[in-house]
**Q** 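Mind looking over this structure? Questions follow.
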Amino acid sequence: MFGKFFEVLKAKGLKVTLTEWLTLQEALDRGLCGSSLTQFYYVARMILVKSETEYDKFDLAFEEHFKGVASEDEITASMLRWLDKSDMVELAHEEARKHLNQMEEIQIDKEDVETRFKQRLRDQDSEHNGGSFWIGTMGKSSFGNMGGNVGGVRVGGTTGYQSAFQVIGARKYRDFRNDKIIDNRQFQVALRKLRQFSTRLDIPRTELDIDGTVDRTCSNGGCLQIVMEKPRKNAVKLLLLMDSGGTMIPYTTLLNELFQAVNKSNHYKDVKTYYFHNCIYSKLYKTPECENGDWIDTEWMFRNLDSDYKVIIVGDAAMAPEELYSPTGNYRGPNGGLSGMDWLLLMKRHYKKIVWMNPKMAPGHAPWREAETAIKNLLPMYKLTVEGLNQAMVKLMVNK
């Protein structure tokens, strides 16, 4: 059984070494886990997992391998389906608030709640909503979610009043993963890595030069001589080009998060943002609606935004091959006599540092995604995850 567990861990992407696996075997031999599967879970995670970013992978592997082990607390897939009422969250919370406001502080017997919960798992064979007995939603039962009960066991759903003393069926470490699609805060953290400080800017000397002041004061016989210097400013200039519309519609929120993060990062020397549809052609749009006429010439960008701009292109590269290779492949606007690939070649020649971020990049060189593979061969492409964005920022800052 445990040999298979090792294989499942590797399949989920966990880099478990043979030494770590033997250490876990030693822990079992010494009885550190007793006869408890829960204790084995914590001991195994402590030994095999190197970072909290891998907790979710470990949980998925553990669930997949040990799901056949008998457990009084096992939650079936049908149970979780019954309890999925995500479209009624606001209504449920409003009803729960009315109920909670009428309740006086009560003492909760956790052992009694857990005993009754295990009994309900054995007996329940259908969906329940409302009420105060079965595992369900929007009721006064101690089990389920979106109800008005204080304390108890939350099964599925999302956190409401944070009064549950136990949560079952929740992937607690999903947001810790470094391969998840990122949010605004993570965008901002990654973008801070684009820093290249300089004092060569034409700005007043407004910061105290401590070392210079000490040297000048010593040379002046101890009489204080203040020395000021220019503040060090981030000299990075950023050009953000984002694919909009079509197959990128599911990622509209993600693109908005990125746009907001870039605009909140006010420490860059300059930031320019433009949009395109599927591939870069002779025009770049000023807004994500990509309306004809509301654009700039790509050649104008080459003339006015010099090669020192660091370029981030965001798109899923999910275009038809003719959109990339044909001089008439742009069905929404002018090509300028060049194919999309020709314009990407001009981008690469003009800008020293350029990366492509892809929210649904296929692994390796996928033959069924011909355009994506071609762009990967031309430009450094990274998946739009925490890890991918960090790698892209490093690529933009290396001096090569």
Side-chain angles (χ1 to χ4, degrees), residues 1-84 108-125 134-135 141-145 151-159 162-180 385-387:
M1 171 181 275
F2 290 112
K4 290 288 186 182
F5 182 42
F6 180 79
E7 295 174 6
V8 175
L9 289 168
K10 300 286 280 187
K12 294 297 181 185
L14 284 163
K15 298 178 181 178
V16 180
T17 66
L18 185 58
T19 299
E20 292 163 344
W21 188 249
L22 292 175
T23 301
L24 178 60
Q25 303 304 308
E26 184 179 353
L28 288 169
D29 291 340
R30 294 189 179 189
L32 298 182
C33 303
S35 57
S36 168
L37 185 62
T38 300
Q39 189 66 22
F40 172 75
Y41 165 86
Y42 286 111
V43 171
R45 194 182 73 178
M46 179 181 63
I47 294 173
L48 304 178
V49 180
K50 306 171 183 64
S51 168
E52 66 275 7
T53 62
E54 296 182 329
Y55 280 178
D56 189 58
K57 296 177 184 177
F58 180 82
D59 283 359
L60 290 174
F62 197 91
E63 169 65 19
E64 178 178 324
H65 182 68
F66 290 103
K67 62 184 177 183
V69 178
S71 170
E72 291 181 299
D73 295 340
E74 185 176 355
I75 304 298
T76 64
S78 58
M79 173 73 75
L80 290 176
R81 283 197 301 273
W82 297 338
L83 297 170
D84 182 10
I108 300 171
D109 187 336
K110 294 183 179 180
E111 290 187 4
D112 176 61
V113 172
E114 289 172 350
T115 299
R116 288 187 286 119
F117 174 65
K118 293 172 182 177
Q119 183 64 45
R120 301 295 186 277
L121 281 177
R122 288 191 291 267
D123 297 343
Q124 186 165 337
D125 58 4
W134 295 107
I135 302 170
S141 166
S142 297
F143 331 105
N145 64 74
V153 178
R154 175 164 68 83
V155 187
T158 57
T159 184
Q162 298 184 346
S163 65
F165 58 79
Q166 186 175 357
V167 178
I168 292 178
R171 287 172 57 189
K172 297 184 291 183
Y173 303 103
R174 185 195 303 266
D175 291 337
F176 286 66
R177 295 179 69 119
N178 61 4
D179 59 351
K180 70 184 287 287
T385 61
V386 177
E387 184 178 21

**Q** Is the Y41 ring parallel, tilted or perpendicular to the F58 ring (thresholds 30°, 60°)?
**A**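 Plane angle between 30° and 60°, so tilted.
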**Q** Using atom types as modelled and distance alone, determine if a side-chain donor or acceptor of K50 lies under 3.5 Å from a backbone N or O of K15.
**A**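 The answer is yes, because a donor-acceptor pair under 3.5 Å joins these two groups.
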**Q** So how far is it from F6 CZ to L18 CG, rounded to the nearest 0.5 Å?
**A**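 So the gap between those two atoms works out to 6.5 Å.
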**Q** In Å, rounded to the nearest 0.5 Å, how long is the span from CG of L14 to CG of L60?
**A**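 The CG atom of L60 is 9.5 Å from CG of L14, to the nearest 0.5 Å.
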**Q** Could you tell me the separation between the CD atom of E54 and the NZ atom of K12, rounded to the nearest 0.5 Å?
**A** 14.0 Å
**Q** Is the ring pair F40/F5 parallel, tilted or perpendicular, if the boundaries are 30 and 60 degrees?
**A** tilted
**Q** Working to the nearest 0.5 Å, report the span between CE of M46 and CG of L24.
**A** 9.5 Å
**Q** Find the distance between CD (E20) and CG (L9) and round it off to the nearest 0.5 Å.
**A** 10.5 Å
**Q** Of the non-hydrogen atoms in V8 and H65, which two are nearest, and what is the gap between them?
**A** CG2-ND1, 4.3 Å
**Q** To the nearest 0.5 Å, how far apart are CZ in R45 and CG in D59?
**A**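 Atom-to-atom, R45:CZ and D59:CG are 7.0 Å apart.
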**Q** Would you say that W21 contacts I47 through its side chain, given a criterion of any heavy-atom pair below 4.5 Å between the two side chains?
**A**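 W21 vs I47: side chains apart.
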